[in-house]
Amino acid sequence: MAFTIRTRLTFWYTTLLFVSLLAFGAIFSYSLLKIFIYRTDNQIISIADMMVHTVINPSGKLFIPKDFDIMLERFFGVRTAGSYIQVLDPHGGILAKSSNMEGFTITVPAPTYRAAFDGATTYEVIEKVGKYPMRVVTKPILHGGRLVAIVQVGTSLEGMDEVFNSLLYILIPGIIASVVVAGAVGWFLARKALKPVIEMTETARKITAENLDERIRADVPQDELGRLAATMNEMIERLEKSFTQIRQFTGDASHELKT
């Protein structure tokens with residue numbers, strides 16, 4: 001099935017627009033995700049750093065006061081609201097948890113534990129903590145090159161999840177609406193742009209051997225359609241000269257035969 005030029009132009013235009021909007025949405029979402037993660041990591045690592053300096057004394061012994069998260073907020077100005085803190089011993093046993101962690105714990109995957117044992121800080125997303133995933137930093141507490149304890153600070157990604165769900169509900173209808181509107185506008189503009197071609201076609205169909213003196217009119221002689229009309233007019237002019245010569249030859253031959 002052959003499609004008209006107007007249909008093909010509209011299809012190409014709307015397809016290009018659809019792909020461009022999808023690419024923009026993907027890049028925008030990825031950039032927004034990186035910003036959220038960066039800000040979340042800065043928040044939880046600041047709490048983890050403060051915990052490292054709070055729970056260990058110069059001799060290397062741990063001192064974990066009761067309700068340490070409340071103490072951090074009241075006496076050190078560290079905003080711990082919405083953050084989950086737990087302290088582990090070198091073997092992974094729980095030494096203390098923040099007051100908002102009743103009923104659950106933050107798991108420590110084996111690679112994370114090995115990295116902490118080697119003195120490395122790890123950032124990761126833990127999926128199965130409550131209803132929403134959690135961004136967690138695991139930071140080792142070292143003294144004299146020896147692992148004394150492990151501090152974990154996590155925060156729920158509920159806010160980020162809600163933002164991206166809202167963004168999804170906005171982007172998808174917006175992209176569909178934009179493509180539909182662009183398709184309608186593209187169809188109209190293609191029809192308007194190709195209107196001279198339709199007029200040229202109708203004029204060319206009316207030209208026969210009886211009216212070769214007619215010419216195709218072009219609104220803008222210097223554009224592509226104008227040059228096409230000029231070329232067709234030159235062809236019609238050559239045909240007119242040929243028909244004139246044939247008529248003259250036929251007339252002369254008829255006159256000679258009669259004579």
Contacts of Thr244 that satisfy side-chain hydrogen bond (donor to acceptor under 3.5 Å, both in side chains) - sequence neighbours left out: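 In terms of side-chain hydrogen bond (donor to acceptor under 3.5 Å, both in side chains), with neighbours along the sequence ignored, Thr244 is linked to no residue.
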Kindly compute the distance separating [atom1] ([X]) from [atom2] ([Y]), expressed to the nearest 0.5 Å.
{"X": "Leu157", "Y": "Thr155", "atom1": "CG", "atom2": "OG1", "result": "7.0 Å"}
{"X": "Met160", "Y": "Asn165", "atom1": "CE", "atom2": "CG", "result": "10.0 Å"}
{"X": "Tyr123", "Y": "Ile44", "atom1": "OH", "atom2": "CD1", "result": "6.5 Å"}

Salt bridge (charged side-chain N to carboxylate O under 4.0 Å, His left out) with Asp161: which residues, sequence neighbours excluded?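 Salt bridge (charged side-chain N to carboxylate O under 4.0 Å, His left out) list for Asp161, sorted by chain: empty.
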Partners passing salt bridge (charged side-chain N to carboxylate O under 4.0 Å, His left out) against Asp89 (at least two apart in sequence or in another chain):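 Salt bridge (charged side-chain N to carboxylate O under 4.0 Å, His left out) check on Asp89 returns nothing, list empty.
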Shortest non-hydrogen contact from Leu142 toward Gly119: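 The answer is CD1-CA, 3.9 Å.
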Taking side chain to side chain contact (heavy atoms under 4.5 Å, CB included) as the definition, give me every residue that meets it alongside [X], ordered by chain and number, with sequence neighbours left out.
{"X": "Val185", "answer": "Val181, Leu189"}
{"X": "Thr112", "answer": "Val108, Pro109, Thr122, Glu124, Thr138"}
{"X": "Leu16", "answer": "Ser20"}
{"X": "Arg191", "answer": "Arg6"}

For residues 25-36, tabulate all N or O donor-acceptor pairs below 3.5 Å that involve a side-chain atom, not counting sequence neighbours.
unit_1 : atom_1 : unit_2 : atom_2 : d
Ser29  : OG     : Gly25  : O      : 2.8
Ser31  : OG     : Ile27  : O      : 2.9

Does anything in residues 36-47 pair up under salt bridge (charged side-chain N to carboxylate O under 4.0 Å, His left out), and if so which pairs, sequence neighbours excluded?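 Every salt bridge (charged side-chain N to carboxylate O under 4.0 Å, His left out) pair that includes a residue of residues 36-47, provided the two are not neighbours, is Asp41-Arg135.
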Tell me whether Tyr113 contacts the main-chain N or O of Pro90 through its side chain, where contact means a donor paired with an acceptor under 3.5 Å.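 Indeed, once roles are kept as given, a pair shorter than 3.5 Å links the two residues.
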Report yes or no: does Thr14 contribute a side-chain atom to a donor-acceptor pair with the main-chain N or O of Phe11 at less than 3.5 Å?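 Side chain of Thr14 to backbone of Phe11, a donor-acceptor pair under 3.5 Å: yes, one is there.
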Pairs meeting criterion side-chain hydrogen bond (donor to acceptor under 3.5 Å, both in side chains) with involvement of residues 228-239, two or more places apart: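 Output for this query is empty, none listed.
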Heavy atoms, side chains only, cut-off 4.5 Å: are [X] and [Y] in contact?
{"X": "Thr121", "Y": "Pro140", "answer": "yes"}
{"X": "Ile47", "Y": "Ile85", "answer": "yes"}
{"X": "Leu95", "Y": "Leu88", "answer": "no"}
{"X": "Ile106", "Y": "Tyr84", "answer": "yes"}
{"X": "Val125", "Y": "Met134", "answer": "no"}
{"X": "Val151", "Y": "Val153", "answer": "yes"}
{"X": "Ile150", "Y": "Gln86", "answer": "no"}

If you group Ile, Leu, Val, Met, Phe, Trp and Tyr whenever their side-chain heavy atoms sit less than 4.5 Å apart, what else falls in with Ile176?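 Taking Ile, Leu, Val, Met, Phe, Trp and Tyr as members, Ile176 shares its hydrophobic cluster with Leu168, Ile172, Val180.
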Which ILVMFWY residues are connected to Val179, directly or by a chain of links, through side-chain heavy atoms under 4.5 Å apart?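 So far as hydrophobic clustering goes, Val179 is joined with Leu17, Phe18, Leu21, Leu22, Ile175.
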Would Leu147 end up clustered with Val137 when hydrophobic side chains under 4.5 Å apart are linked, directly or stepwise?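 Cluster IDs for Leu147 and Val137 differ.
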